[in-house]
Engineer: 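Before we start, here is the structure in question, set down as structure tokens.
Everything quoted here is computed from the prediction, not taken from an experiment. Worth knowing before you read on, the calculation uses all heavy atoms, side chains too, and leaves out hydrogens, waters and symmetry mates.
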Amino acid sequence: MALVTLRQMLDHAAEYAYGVPAFNINNMEQGLAIMRAAKACDAPVIIQASRGARSYAGDIMLRHLVQALVEMFPDIPVVMHQDHGNNDATCLSAIRHGFTSVMMDGSLEEDMKTPATYDYNVDITARVTRATHAVGASVEGELGVLGSLETGEAAPEDGSGATGKLSQDQLLTDPDQAVDFVLRTKCDALAIACGTSHGAYKFSRKPDGDILSMGTIAAIHDKLPNTHLVMHGSPSVPQDLQDLINAFGGHMPQTYGVPVQEIERGIRMGVRKVNIDTDCRMAMTAQFRRIATEKPQEFDPRKFLIPAMDELAELCRDRFERFGTAGHAHAIKPIPMDDMAKRYASGALAPRITPQSPPSNR
Ligand code: G3H
Ligand code: 13P
Ligand code: ZN
């Protein structure tokens, strides 16, 4: 199975009403664990690399790593996606290195700290979309700024997050502006802001509608019932992993993520891509800590990495099952990027803004 584009995968997900987790990777062990889970349940998968991952592993390493995964798991369609691209160069160089999809995050300026104006966001996203569609790759845009509705701030450990206090208007995507944004940028998927932020410390209590605005997603879906929506900052920060980390010497203060049931509800309202990094980090770290504590004589990295991969694979398998991704891999027949480019050029792949009745089962 070749790599596939985000547009192809999410069109399939929309047709069959499921969501696809997008897991961040930086190294071989994360890649193997995600792919083993995908194979175990026949799930298509989105693998994404941040700018930080690209500088950690290097573009050449990442390109060959993903090619190796595709070769090792020939039955699993894989999207290779740039997470939070900050300018044209980041997005276009990703495609040059074999990525089939990019996120142009124009909600922030190039420094990934300063909230951008709407015009800046439309201009840069439309420009990157034109260049990207010309070679058949896909684009995710973002409207609204990720950050906490409790504090008005992005998470402190965030590699791509606004500095300073954000207003409620900035923190919640405006549904009417979302329609204009998709029309003008022609992006394939739209990341929205609804109170999630990156990292483990997104909610100080189990989130309710005041701090996790599922109503915003519903309102956007009412206006854009056909558009692929993306939830960033959507790990559930599982209690058992917090407990495991803390039982073996960690000091994670009590925190709350996005409940999986809320993501399932989001999927019923057009969310097709669900970004998860923190849970994956916690799964591996919990096992590193356990082995280091239980077997202090151990120094073979594989003895740490094997249980870490198993823990991560189990987490991924659970999300594939819960998001309805499982069972769909075999049905996706890759469309070559050149064909995708022709479809964009001919207008056959237009922005998904055609109205249709929103589903009633929220
Ligand atoms: O965007 C957030 C992801 O968790 C990536 O984080 O920039 O530390 O690789 P990172
Ligand atoms: P978390 O770091 O909160 O898991 O979010 C991942 C993400 O949104 C990547 O873009
Ligand atoms: Zn993100």
Side-chain angles (χ1 to χ4, degrees), residues 3-14 16-26 29-50 53 66 69 73 76-84 99-101 103 138 140 146 188-192 194 196 198-200 202 217 228-238 241 257-284 309-329 331-332:
L3 287 168
V4 304
T5 63
L6 184 72
R7 176 64 185 262
Q8 184 190 353
M9 192 177 285
L10 297 192
D11 283 357
H12 190 269
Y16 294 94
Y18 64 92
V20 188
F23 296 119
N24 287 73
I25 68 160
N26 298 263
E29 285 77 11
Q30 290 170 313
L32 283 174
I34 294 163
M35 294 303 293
R36 284 173 186 160
K39 182 178 160 68
C41 58
D42 187 39
V45 60
I46 302 168
I47 288 179
Q48 56 187 9
S50 65
V66 172
L69 294 173
F73 298 90
I76 303 300
V78 178
V79 171
M80 184 60 197
H81 178 79
Q82 168 74 56
D83 191 22
H84 292 284
F99 289 53
T100 57
S101 175
M103 174 187 193
S138 318
E140 171 187 338
L146 293 190
D188 300 288
L190 178 68
I192 47 90
C194 62
T196 66
H198 292 130
K202 50 189 101 253
I217 300 180
H228 305 315
L229 303 180
V230 182
M231 282 176 79
H232 279 247
S234 294
S236 62
V237 196
L241 291 179
V258 182
V260 175
Q261 308 88 276
E262 296 299 330
I263 296 171
E264 290 167 329
R265 193 147 74 95
I267 290 168
R268 293 196 290 275
M269 300 189 291
V271 171
R272 298 286 162 237
K273 174 173 181 278
V274 183
N275 283 18
I276 299 173
D277 189 4
T278 295
D279 287 354
C280 304
R281 294 177 178 193
M282 289 175 68
M284 296 194 96
M309 283 191 279
D310 290 346
E311 185 80 46
L312 174 53
E314 180 50 31
L315 178 110
C316 296
R317 195 200 49 73
D318 177 80
R319 299 304 183 269
F320 287 131
E321 303 279 359
R322 304 268 306 259
F323 299 171
T325 335
H328 289 287
I332 298 177

Engineer: Should Leu69 and Val78 count as side-chain neighbours, where that means a heavy-atom distance under 4.5 Å?
Structural biologist: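 Not in contact.
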Engineer: Hey, what do you get for CG (Asp83) to CD1 (Ile47), rounding to the nearest 0.5 Å?
Structural biologist: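 So the gap between those two atoms works out to 13.0 Å.
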Engineer: Let's go through Arg319 and Val260 carefully: what are the C-alpha distance in whole Å and the side-chain angles of both, what is the deciding distance for side-chain contact (heavy atoms from CB on, under 4.5 Å) to 0.1 Å, and is it a yes or a no?
Structural biologist: CA-CA 8 Å; Arg319 299 304 183 269; Val260 175; 3.9 Å; yes
Engineer: Would you check, one step at a time, whether the test side-chain contact (heavy atoms from CB on, under 4.5 Å) holds for Asp188 with His228?
Structural biologist: CA-CA 7 Å; Asp188 300 288; His228 305 315; 5.5 Å; no
Engineer: So how far is it from Leu229 CG to Cys194 SG, rounded to the nearest 0.5 Å?
Structural biologist: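 Result: 10.0 Å between the selected atoms.
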Engineer: Would you check if Asn24 and Cys280 make a side-chain contact, meaning some heavy-atom pair closer than 4.5 Å?
Structural biologist: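 Heavy-atom side-chain distance check fails, nothing below 4.5 Å.
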Engineer: Which class fits the ring pair Tyr16 and His328: parallel under 30°, tilted 30 to 60°, perpendicular over 60°?
Structural biologist: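 Rings of Tyr16 and His328: tilted, 30 to 60°.
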Engineer: Could you check if a side-chain atom of Arg36 sits within less than 4.5 angstrom of a side-chain atom of Cys316, using non-hydrogen atoms only?
Structural biologist: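 They are not in side-chain contact.
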Engineer: Heavy atoms only: give me the nearest His12-Tyr18 pair and the separation to one decimal.
Structural biologist: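 Minimum heavy-atom separation between His12 and Tyr18: ND1-OH, 2.7 Å.
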Engineer: Would you sort out whether Arg272 and Asp11 count as a side-chain contact (heavy atoms from CB on, under 4.5 Å), showing the intermediate values?
Structural biologist: CA-CA 9 Å; Arg272 298 286 162 237; Asp11 283 357; over 6 Å; no
Engineer: So, taking the atom named NE2 in His81 and the one named CE in Met103, what distance separates them when rounded to the nearest 0.5 Å?
Structural biologist: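 The CE atom of Met103 is 6.5 Å from NE2 of His81, to the nearest 0.5 Å.
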Engineer: Report yes or no: does Lys273 contribute a side-chain atom to a donor-acceptor pair with the main-chain N or O of Ala189 at less than 3.5 Å?
Structural biologist: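 Such a contact is absent between Lys273 side chain and Ala189 backbone.
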Engineer: Under a 4.5 Å cut-off applied to non-hydrogen side-chain atoms, are Gln30 and Met309 in contact?
Structural biologist: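 A side-chain contact under 4.5 Å is absent here.
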Engineer: Using every non-hydrogen atom in the two residues, find where Met9 and Pro77 come nearest and quote the distance to one decimal.
Structural biologist: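 Shortest heavy-atom separation between Met9 and Pro77 comes out as CE-O, 3.5 Å.
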Engineer: Which pair of heavy atoms, one from Ser101 and one from Val79, lies closest together, and at what distance?
Structural biologist: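 Result for this residue pair: CB-CG1, 3.9 Å.
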Engineer: Might you work through the side-chain contact (heavy atoms from CB on, under 4.5 Å) test for Ile34 and Val45, ending with a clear yes or no?
Structural biologist: CA-CA 8 Å; Ile34 294 163; Val45 60; 3.5 Å; yes
Engineer: In Å and rounded to the nearest 0.5 Å, what is the NE2 to CG distance from His232 to Asn275?
Structural biologist: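 Separation between the atoms: 4.0 Å.
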Engineer: Taking the side chain as every heavy atom from C-beta outward, state whether Pro235 and Asp277 have any pair of such atoms under 4.5 Å apart.
Structural biologist: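 In short, these two side chains do not touch, never coming nearer than 4.5 Å.
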Engineer: Rounded to the nearest 0.5 Å, what separates atom CE in Met231 from atom CG in Leu146?
Structural biologist: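 These two atoms lie 10.5 Å from each other.
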Engineer: Rounded to the nearest 0.5 Å, what separation is found between the OG atom of Ser236 and the CG atom of Asp279?
Structural biologist: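 Output value for this atom pair is 4.5 Å.
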Engineer: Ignoring hydrogens, what is the shortest heavy-atom contact between Ala283 and Glu311? Give both atom names and the distance.
Structural biologist: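 That would be O-CG, 3.4 Å.
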Engineer: Of all the heavy-atom pairs spanning Leu10 and Val20, show the shortest one and how long it is.
Structural biologist: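 So the two residues come closest at CD2-CG2, 4.2 Å.
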Engineer: Using a strict threshold of under 4.0 Å (side-chain N to carboxylate O), is an ion pair present between Arg317 and Glu321?
Structural biologist: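 Here Glu321 pairs with Arg317 in a salt bridge, since their nearest N and O are under 4.0 Å apart.
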Engineer: I need the minimum non-hydrogen distance between Val4 and Thr100, along with the two atoms involved.
Structural biologist: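 Reported closest heavy-atom pair: O-OG1, 2.8 Å.
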